[in-house]
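Notes follow once the structure below has been shown.
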Number of protein chains: 2
Amino acid sequence: MSERVQARWLTTEQQQIWRTFLLGVARIQEHLDADLRRHGLDLAEYEILVCLEESEGRRLRMSELAEAVHQSRSRLTHTVSRMERRGLVARVSCPEDRRGVWAQLTDAGFELLRSAAPSHVESVREVFVEAVDPDDFAALGRAFGRVLSVGRESAD
Amino acid sequence: MSERVQARWLTTEQQQIWRTFLLGVARIQEHLDADLRRHGLDLAEYEILVCLEESEGRRLRMSELAEAVHQSRSRLTHTVSRMERRGLVARVSCPEDRRGVWAQLTDAGFELLRSAAPSHVESVREVFVEAVDPDDFAALGRAFGRVLSVGRESAD
DNA sequence: GAAGAGTGGTTGAAGTTTCAACAAACCCCA
DNA sequence: TGGGGTTTGTTGAAACTTCAACCACTCTTC
């Protein structure tokens with residue numbers, strides 16, 4: 001496209017990396033989803049299970065959970081409802097703040113997580129951790145750390 | 001969770017990088033979507049426009065386009081239908097292969113792309129290209145290149 | 001201690017994606 | 001030449017996400 005006054009395009013190399021990145025991310029998600037689907041889970045649900053499992057009492061307030069797994073509240077409400085129907089989590093109303101609701105990992109949820117985790121981790125390793133040269137992997141950690149700090153800098 | 005027979009977990013560091021990566025990706029998509037939404041587009045639609053714009057005659061077979069933007073055929077059918085309703089693309093039936101359909105970028109689609117591109121590129125730069133140290137950025141290119149080659153190796 | 005502002009979470013409808021089934025056209029080969 | 005198998009793309013329903021509105025509760029503040 002024609003050059004405009006201030007438009008700064010990316011160099012060919014930057015563009016290529018950017019596209020490789022987009023495809024790579026898609027590929028990773030595909031790979032992980034394919035694995036988790038065999039356990040009847042998707043990545044979002046898996047992350048919910050992990051978060052709960054790691055929390056005190058294996059439960060978290062809906063809003064905390066939403067934050068942790070990077071979902072909107074509304075989406076989480078729906079997702080948790082579905083998971084509740086399947087018996088993976090339970091809603092427990094929170095005594096201190098009666099608006100509040102805990103999402104509580106059930107035993108069944110924990111068992112499912114336990115059965116899904118090994119092959120999930122193996123998938124992560126396969127498609128990502130071991131695919132990449134260790135130095136590049138470390139660089140990747142720094143890189144995304146920087147991405148996360150963008151726009152937060154002045155706020156700290 | 002307890003250690004099992006063969007389960008190889010990630011090291012703390014690997015795990016941390018993995019999570020940073022997941023959050024970083026979410027952040028990037030959020031950032032880009034927020035920008036594109038101001039033009040009434042999302043990332044998937046934008047990619048469709050870009051792909052078409054770069055193709056011979058500004059058109060592509062549906063299946064080629066699906067491949068290029070990494071969407072299922074069905075999803076692409078629906079997405080293109082919506083974009084067609086908005087006048088951004090047109091369907092043209094393909095004379096050589098009468099099963100085939102070209103998705104053809106319209107002038108309106110091109111104009112929208114032209115108006116959306118500068119700030120989109122600026123967003124990419126902001127949240128990604130410039131956020132990251134150049135060496136790490138190059139490493140990232142290598143890393144995702146490797147990710148893409150996993151599982152294809154024996155096939156080539 | 002009650003009005004107003006804010007927070008936590010849900011709801012239902014509209015919009016989007018996925019899934020399985022399908023129709024039309026092509027390809028091959030006898 | 002006309003089956004059978006494959007490829008292309010669409011369809012409609014089910015599943016999921018988004019969006020705006022909403023209720024119930026808490027936190028001020030006067």
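Just so you know, these numbers come straight off a predicted model, no measurement behind them. Here is how names work: the chains are called A, B, and so on, in the same order as the sequence lines, proteins then strands, and each is numbered from 1. In what follows, every heavy atom counts, from backbone to side chain, and hydrogens, waters and symmetry copies are set aside.
The minimum heavy-atom distance linking B/His39 with B/Ser119 is given by the pair NE2-OG, 3.5 Å.
Protein chain A contacts DNA chain D over a range whose 5' and 3' limits, counting nucleotides with an atom under 4.0 angstrom from a non-hydrogen atom, are D/dC16 to D/dT26.
Electrostatic pairing of B/Glu45 and B/Arg86 counts as a salt bridge here, judged by a charged N lying under 4.0 Å from a carboxylate O. Between A/Arg146 and B/Asp136, no side-chain nitrogen of the basic residue sits less than 4.0 Å from a carboxylate oxygen of the acidic one, so the salt-bridge criterion is not met.
Scanning residues 71-90 of chain A for heavy-atom distances under 4.0 Å to DNA chain D yields A/Ser74, A/Arg75, A/His78, A/Thr79, A/Arg82.
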In residues 65-74 of chain A, what donor-acceptor pairs under 3.5 Å come from side-chain atoms, sequence neighbours left out?
from: A/His70; atom 1: NE2; to: B/Glu30; atom 2: OE2; distance (Å): 3.0
from: A/Ser72; atom 1: OG; to: A/Arg75; atom 2: N; distance (Å): 3.0

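Heavy-atom nearest nucleotides on DNA chain C were determined for A/Arg37 and for A/Glu64, and the one closer to the 5' end corresponds to A/Glu64. Closest-nucleotide positions on DNA chain D for B/Arg61 and A/Glu45 were compared, and the one nearer the 5' end corresponds to B/Arg61. Each of A/Pro95 and A/Asp42 was matched to the nucleotide of DNA chain D holding its nearest heavy atom; the match closer to the 5' end belongs to A/Asp42.
Using a 4.5 Å heavy-atom cutoff, the side chains of A/Leu22 and B/Glu47 are in contact.
A/Arg58 and A/Thr106 are not linked by any side-chain donor-acceptor pair at a separation below 3.5 angstrom, with hydrogens and angles left out of the test.
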Next item on the list: Check the pair B/Met62, B/Val80 against side-chain contact (heavy atoms from CB on, under 4.5 Å), reporting the backbone distance first and the verdict last.
Entry: CA-CA 9 Å; B/Met62 290 296 280; B/Val80 165; 4.0 Å; yes
Item checked: A/Val101 vs A/Val92, side-chain contact (heavy atoms from CB on, under 4.5 Å): CA-CA, chis, key distance, verdict -> CA-CA 6 Å; A/Val101 172; A/Val92 179; over 6 Å; no
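Atoms CD (A/Glu67) and P (C/dG9) sit 12 Å apart, rounded to a whole Å.
Side-chain atoms of B/Asp97 lie closest to C/dA25 of the nucleotides C/dG8, C/dT10, C/dA25.
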